[in-house]
Asks: 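Following this message is one structure expressed as structure tokens.
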Amino acid sequence: MAFSELKNDIFLRALLKQPVPYTPVWMMRQAGRYLPEYRELRAKAGDFLTLCKTPELACEVTMQPLRRFDLDAAILFSDILTIPDAMGLGLYFDVGEGPKFKQVIRSQADVAALPALNIEVDLNYVLAATQLIRETLKGQVPLIGFSGSPWTLATYMVEGGSTKDFRNIKRMLYETPDVLHALLEKLAQAVTDYLNGQIRAGAQAVQLFDTWGGVLTPETYQNFSLHYMTKIINGLIKECDGRKVPVILFTKNAGLWLESMAHSGADALGLDWSIDIADARRRVGERVALQGNMDPSVLYGDAEKIRMTVKTILEKYGSGSGHIFNLGHGISQDVNPAHAKVFIDAVHELSASQHGGC
């Protein structure tokens, strides 16, 4: 499949620690509720899942922030729970309560009953959206594909939705670890196939969202989260369209484990706002690039505060490539889009001097 030549590859070059003229920037959840045009389209669509499952709508949502801001990457508009939904657990969204599943996984029999997915069939709408977005971009910027990590997907599947205490999955972890490992193994295979499907459809980089890895202990993080993400990374397509396909690994609240994460095979680690980026760079050395890590709440501040925070993070990272500026988590839904523009423009303007105009 032939796509347009990439006009701005700075994001991909930074992920591979190659020379760049400035620090590239994109935002987690950059296509979403903080944009009035998104809220208008979602109202017309009727519900969130319709947006996700209609390729033309997913494409339109993906493109919306690129029309407003000088971003260096687009990210596929979808949801991390597409895999368990495709496995038949019945994903739905209650107003104000987040995602829920009609069925939960609590036993070995439940795990055994989960089907092996045929990604091209069961998640074809995601692949169709990926291809359409890549075509629509016309090489403007790279397209990022993504998936939730096995551990994060399992938390929703076992709990039946969002949770504050992770009681059921942690009970499974300690009471019947073999059941949890069986579930994670099945999910790891599905995620590998899913991301490879996105790469074949046009994704030029992929990110693993391990949103809930930080609720684990150091030992259980290694065994129940990082182990399976490493397995996925090892199983991914390494090159497509004559380019390496970089992998970003993002575990929220995982500052204690950066060294282990840096040995996962990922090209970059996403950082939340709880760690100093200078310390993170010192600890991982030249092994991986770093993505992050401004607190999304800074975007509630005025332009001066936003610019000063951007400047501080850039200075802490220091000179040279290997930094992709991002928020430490997703942009908040009630942020003024004008503040997001200040943030993005500040990254480009203030970072140029650190790269020597190469």
Side-chain angles (χ1 to χ4, degrees), residues 29 47-54 58 75-94 97-130 145-173 176-198 203 206-213 215-216 224-225 227-229 231-232 235-236 250-252 330:
R29 294 186 191 151
D47 59 76
F48 175 74
L49 284 178
T50 297
L51 281 183
C52 291
K53 294 187 176 185
T54 308
I75 184 165
L76 165 70
F77 178 76
S78 187
D79 190 79
I80 64 168
L81 299 178
T82 49
I83 285 177
D85 181 47
M87 288 178 167
L89 297 191
L91 175 65
Y92 67 100
F93 289 82
D94 273 347
E97 293 188 21
K100 291 187 177 181
F101 286 109
K102 295 176 182 177
Q103 298 180 45
V104 295
I105 304 299
R106 297 287 171 81
S107 68
Q108 188 68 58
D110 292 336
V111 175
L114 290 171
L117 296 182
N118 179 337
I119 300 300
E120 271 68 25
V121 175
D122 300 318
L123 286 164
N124 181 65
Y125 66 91
V126 177
L127 306 188
T130 303
F146 73 92
S147 174
S149 71
W151 165 258
T152 291
L153 298 181
T155 64
Y156 289 96
M157 296 167 76
V158 173
E159 299 291 343
S162 302
T163 178
K164 293 183 178 180
D165 59 15
F166 301 89
R167 183 179 309 171
N168 292 302
I169 194 163
K170 286 195 171 184
R171 177 172 182 169
M172 179 184 286
L173 188 156
T176 55
D178 54 326
V179 175
L180 183 52
H181 278 302
L183 174 58
L184 294 169
E185 186 70 40
K186 186 167 281 192
L187 288 170
Q189 185 59 59
V191 170
T192 303
D193 293 344
Y194 185 43
L195 290 177
N196 280 337
Q198 292 179 34
V206 293
Q207 176 159 314
L208 273 168
F209 281 89
D210 188 34
T211 310
W212 300 122
V215 305
L216 292 164
F224 290 89
S225 185
H227 168 75
Y228 291 98
M229 292 192 291
K231 187 170 186 175
I232 290 164
L236 292 179
F250 174 72
T251 297
K252 189 179 178 186

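One is the number of the first residue; the rest follow in order along the sequence.
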Asks: Do you know the tightest heavy-atom contact between Ala58 and Cys52?
Replies: CB-O, 4.3 Å

Asks: Please tell me whether Thr152 and Thr155 have a donor and an acceptor in their side chains that are separated by less than 3.5 angstrom.
Replies: no

Asks: Taking salt bridge (Lys or Arg N to Asp or Glu O under 4.0 Å) as the test, write out the residues that go with Lys231, two or more places apart.
Replies: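 Applying salt bridge (Lys or Arg N to Asp or Glu O under 4.0 Å) to Lys231 gives Glu185.
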
Asks: Considering residues at least two apart in sequence or located in another chain, which fulfil the salt bridge (Lys or Arg N to Asp or Glu O under 4.0 Å) criterion with Asp178?
Replies: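 With neighbours one apart ignored, the set is empty.
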
Asks: Does the gap between the ring centers of Phe146 and Phe209 come in under 6.0 Å?
Replies: yes

Asks: How long is the straight-line distance from CG of Leu184 back to OG of Ser225, given to the nearest 0.5 Å?
Replies: 8.5 Å

Asks: Please list, chain by chain and in numerical order, all residues satisfying salt bridge (Lys or Arg N to Asp or Glu O under 4.0 Å) with Asp85, sequence neighbours excluded.
Replies: Lys53

Asks: Using ring centroids (six-membered ring only for Trp), state whether Trp212 and Phe166 fall under 6.0 Å.
Replies: yes

Asks: Between Asp79 and Thr82, is any side-chain donor less than 3.5 angstrom from a side-chain acceptor?
Replies: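 Side chains of Asp79 and Thr82: no pair found under 3.5 Å.
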
Asks: Would you say the side-chain atoms of Gln189 and Asp193 include a donor-acceptor pair closer than 3.5 Å?
Replies: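 Side-chain D/A pair, Gln189 to Asp193: present.
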
Asks: Has the side chain of Lys186 got a donor or acceptor atom that lies under 3.5 Å from a matching backbone atom of Leu114?
Replies: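 Flag set: sc Lys186 to bb Leu114 pair under 3.5 Å.
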
Asks: Look up atom CD in Gln198 and atom CG in Leu76, then write down how far apart they are to the nearest 0.5 Å.
Replies: 5.5 Å

Asks: Quiz question: by atom type and distance under 3.5 Å, do the side chains of Ser78 and Tyr125 form a donor-acceptor pair?
Replies: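 Per modelled atom types, Ser78 and Tyr125 side chains form no pair under 3.5 Å.
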
Asks: Could you tell me if the ring centre of Phe48 sits under 6.0 Å from that of Phe77?
Replies: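 For Phe48 and Phe77, the ring centres are under 6.0 Å apart.
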
Asks: Checking Ser147 side chain against Leu195 main chain: does a donor-acceptor pair fall under 3.5 Å?
Replies: no

